[in-house]
There are 4 protein chains.
Amino acid sequence: MYFMSVLTDNKPYSKYNGDNYNMGIQERKQREKEMRRKQIMEAAKKVFSAKGFSRATMEEIAGEAELSPGTLYLYFKNKEELHTSLSIDILEYITILMKKIIGKKGIDANEKMEKLKDTFIDVYEYDSMVLINLFHLQSGETLKNLSPEVLEQLKETSADALGAITSIVQEGIDQGLFKERHPVALADIIWATYSGVVLWVDSKRLLNNDKDFVRQTLETAFEIMLKGFEK
Amino acid sequence: MYFMSVLTDNKPYSKYNGDNYNMGIQERKQREKEMRRKQIMEAAKKVFSAKGFSRATMEEIAGEAELSPGTLYLYFKNKEELHTSLSIDILEYITILMKKIIGKKGIDANEKMEKLKDTFIDVYEYDSMVLINLFHLQSGETLKNLSPEVLEQLKETSADALGAITSIVQEGIDQGLFKERHPVALADIIWATYSGVVLWVDSKRLLNNDKDFVRQTLETAFEIMLKGFEK
Amino acid sequence: MYFMSVLTDNKPYSKYNGDNYNMGIQERKQREKEMRRKQIMEAAKKVFSAKGFSRATMEEIAGEAELSPGTLYLYFKNKEELHTSLSIDILEYITILMKKIIGKKGIDANEKMEKLKDTFIDVYEYDSMVLINLFHLQSGETLKNLSPEVLEQLKETSADALGAITSIVQEGIDQGLFKERHPVALADIIWATYSGVVLWVDSKRLLNNDKDFVRQTLETAFEIMLKGFEK
Amino acid sequence: MYFMSVLTDNKPYSKYNGDNYNMGIQERKQREKEMRRKQIMEAAKKVFSAKGFSRATMEEIAGEAELSPGTLYLYFKNKEELHTSLSIDILEYITILMKKIIGKKGIDANEKMEKLKDTFIDVYEYDSMVLINLFHLQSGETLKNLSPEVLEQLKETSADALGAITSIVQEGIDQGLFKERHPVALADIIWATYSGVVLWVDSKRLLNNDKDFVRQTLETAFEIMLKGFEK
DNA sequence: GATGAATGAGAGTTCATTCAT
DNA sequence: GATGAATGAACTCTCATTCAT
């Protein structure tokens, strides 16, 4: 497992921290605020995962976070944005991980694709529920009822994530490894396959009390895709 | 487009219909009842597609169907089952189409896969919204709140659909065309890719007011998959 | 058991029946109509007893009577009056029985009180549920929402029943057997005790899955009352 | 009248209330909460009495209590439990009063029976409507639809009340004042007569716009019963 | 007279959100 | 900043009653 909690506070703070008293207090406050946010998101994750968006109540999330319902609204405009924040968070993290892969020197596109698959599996295994919520978010109902700002943020993060995949694919084409196809379409297919497998195998598991074959199915899916990409 | 409306009444009625008075009346009533059901489902499809499950109200669906709210409950036990009925309907229809492909003589698995892709595209083009609702259904939240009977029906229809794909894949393996892999896993991947592409491209469209590239992306995805399946 | 079904048709019809064709038809129609009424009341009795007034539905009563809901409204103005009709019916019958006791020659008031008790027990044993519904009717909620005509009818039947008891009590006072007290008050107490015991012991049975001690308790209650009545 | 409001807050609070700030706040909140509860019950009593259980609406009760409908559900799980709470409350209070009578020194069972009658009359006069609701509760319809916990509570309170009466009767038998009979049966009869009289005379009043003879009738009923109890 | 599909008003209940403390 | 009691709009669903057939 080469990545840490997405939802635990891992934002880099200014390294230097104490030359100014007010600055310190302000910063501490800032940090506390950030921690509360994470605390709420952590609780929301649990409840949304267990109940789904509609059946989850703000009161239960507040209880889980050991805060009062009112407090939630100091940190998130409403229920929908709290939910979306979870999704954006994981999307951002996936993007960070993918950008690391892109930056890797001395490995070709095939190997990068391998690493991409590993990343996907890791993300899934670390936090399948938030991931599934992310895909749920994609599916219309939520998308239509989002505030413009959050929609914009989601759009950007989303484009960013797709851009990262695209650039790996482009590399493969440039290196003469992959057959020449529209790289964005390929990136779409990669992301769609990932989403699809996670969603589908998960729903099969729910329907039939089946085992969790996501990892295995993702491995096969990528193997097939990679072979299909070849020139 | 080689299939007709899933939701419009296409049940075959006896051609001759007048030898018996009572029979005629009963039959007409049956037909009327079936029509009301379709009428409601048609309205529900519109409203669910426009608003998503939660934001859609029974009153609005009733209005759209030009019926009173109470009438909806004569045909569907509750909101959830009305929604699920839409999904099961299309799933059943897809299965019928796929079974026709399976039964086709004189074409190999590769060609059947081509036809499968065409079917998927046709279904999508005929009724993308119901399809997207189907995937929404798969995603946990709804699944957890379904009545046992409907869950069972969904399970069976779902297994049936997957079974059909599996048998095509098995044929490909038996004919020495596809590399030997677990056929159910392959069927999962085909279905997951289909679901994923429809969902993902659609959400991209919603996010960016983008064009509808589903057909194109599905074409490419299948091309890649087929190449990946080869021995 | 010296009385027959209250709810089965036992109204006396004209002894002579056939001198006129139209009369015959009309009469047959009348009889059929009366039978339908009883059929509905019989069904209503079952359903009201099993579910109570509020939870009983007209549709279920119709089903039980093997008729359609609409038909019920040809015989009863509404649900409330159907329910009240059951109560009035039994009240009328009780009155008939009590009047027979009053008319009995050669027995004193004490013996008549004994017979009164037996009648009460018989009525209870024959049809405890309708009886309990009758007491339920007395209890405000229903009483307040009755149509004037039915209220009037109930008032009369009720007064009639109480009058019968009163006259027995009066007899006892006149014969010097009972202490002189307001005879209507005594009649009230007799009726109230009867109602109370049936209601109370029944509710105890429901609460504790207890045995049905109504008969036994009524026996004791009357014994005590009679002793209390003595001069 | 020797008892105070059942429904008005009469719980003893610590007389001294200022040594601890937090204690004070917590206590005040507790008291406020208790007051809201009473406020709602008071309003519910009015509305249930005027309309009966079924025709009373939560909205009207809320209006009467000058609260919003939602608030009612912060204090009572649902309509049924709000209604039952009223009944249990008065039942509990009656029991308390009866236990005081039991504890009285220097008076025999006859005198205790007299006091019992007075208590019954006082309770009736203080709050006849809740009392009638209590009897209504006993009558099947409601009883069948109660939550297990509340049913249990009712059962216990009910048994408690009956037990109190039983012990007075037992005393009478032990003192050689009352004829030897099953004391529980006697208690049943006392309670049943009380219920019956209240219900019956009240319904007569409703039917005939008659005067309220409950007190008078109860007096006579007890006089008769006591005489009937004698050895 | 009988039907039973359709009605639609109205109920109980939930819960995201607010705001006085 | 935090609270959490109160809000009240909005929802799903029921069912007595009607009326065209």
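In the text below, chain A, chain B and the rest are named by the order of the sequence lines, each starting its count at 1. We use all heavy atoms of the structure for the numbers below, so side chains are in, but hydrogens, waters and symmetry mates are not.
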Would you mind reading off the distance between E81(D) atom CD and dG12(E) atom P, rounded to a whole angstrom?
-> 15 Å
Interatomic distance where CD1 belongs to I40(A) and P belongs to dG1(F) [whole Å] = 12 Å
With a non-hydrogen cut-off below 4.0 angstrom, is L72(B) in contact with a base, only sugar-phosphate, or nothing?
-> nothing
Per atom distances to the R36(D) side chain, the nearest of dT7(E), dT3(E), dA6(F) is dA6(F)
Tell me, which pairs form a salt bridge (charged side-chain N to carboxylate O under 4.0 Å, His left out) where one or both residues lie in residues 63-73 of chain D, sequence neighbours left out?
-> K46(D)-E64(D)
In whole Å, what is the span from the CD1 atom of I61(A) to the C1' atom of dC15(E)?
-> 12 Å
Between CD of E60(C) and P of dG4(E) the distance, given in whole Å, is 17 Å
Using a 4.0 Å cut-off on protein heavy atoms (strictly under), produce a 5'-to-3' string for nucleotides 12-21 of chain F with B for base contact, S for backbone-only sugar-phosphate contact, and - for none.
-> SBB-SBB---
Between C1' of dA11(E) and CZ of F48(D), the distance in whole Å | 13 Å
Specify the closest pair of heavy atoms between F53(B) and K79(B), including all atoms of both residues, with the distance to one decimal.
-> O-NZ, 2.9 Å
Over all heavy atoms of both residues, which pair between M41(D) and L86(D) is shortest? Give the atoms and the distance, please.
-> O-CD2, 3.5 Å
Determine: side-chain N/O of S68(D) to OP1/OP2 of dT7(F), distance under 4.0 Å, yes or no.
-> yes
Please determine, by modelled atom types, if S87(D) and T84(D) share a side-chain donor-acceptor pair under 3.5 angstrom.
-> no
Nucleotide-level pairing of DNA chain E, given in dot-bracket where Watson-Crick and G-U pairs need both distances under 3.5 Å and | marks other strands | .||||||||||||||||||||
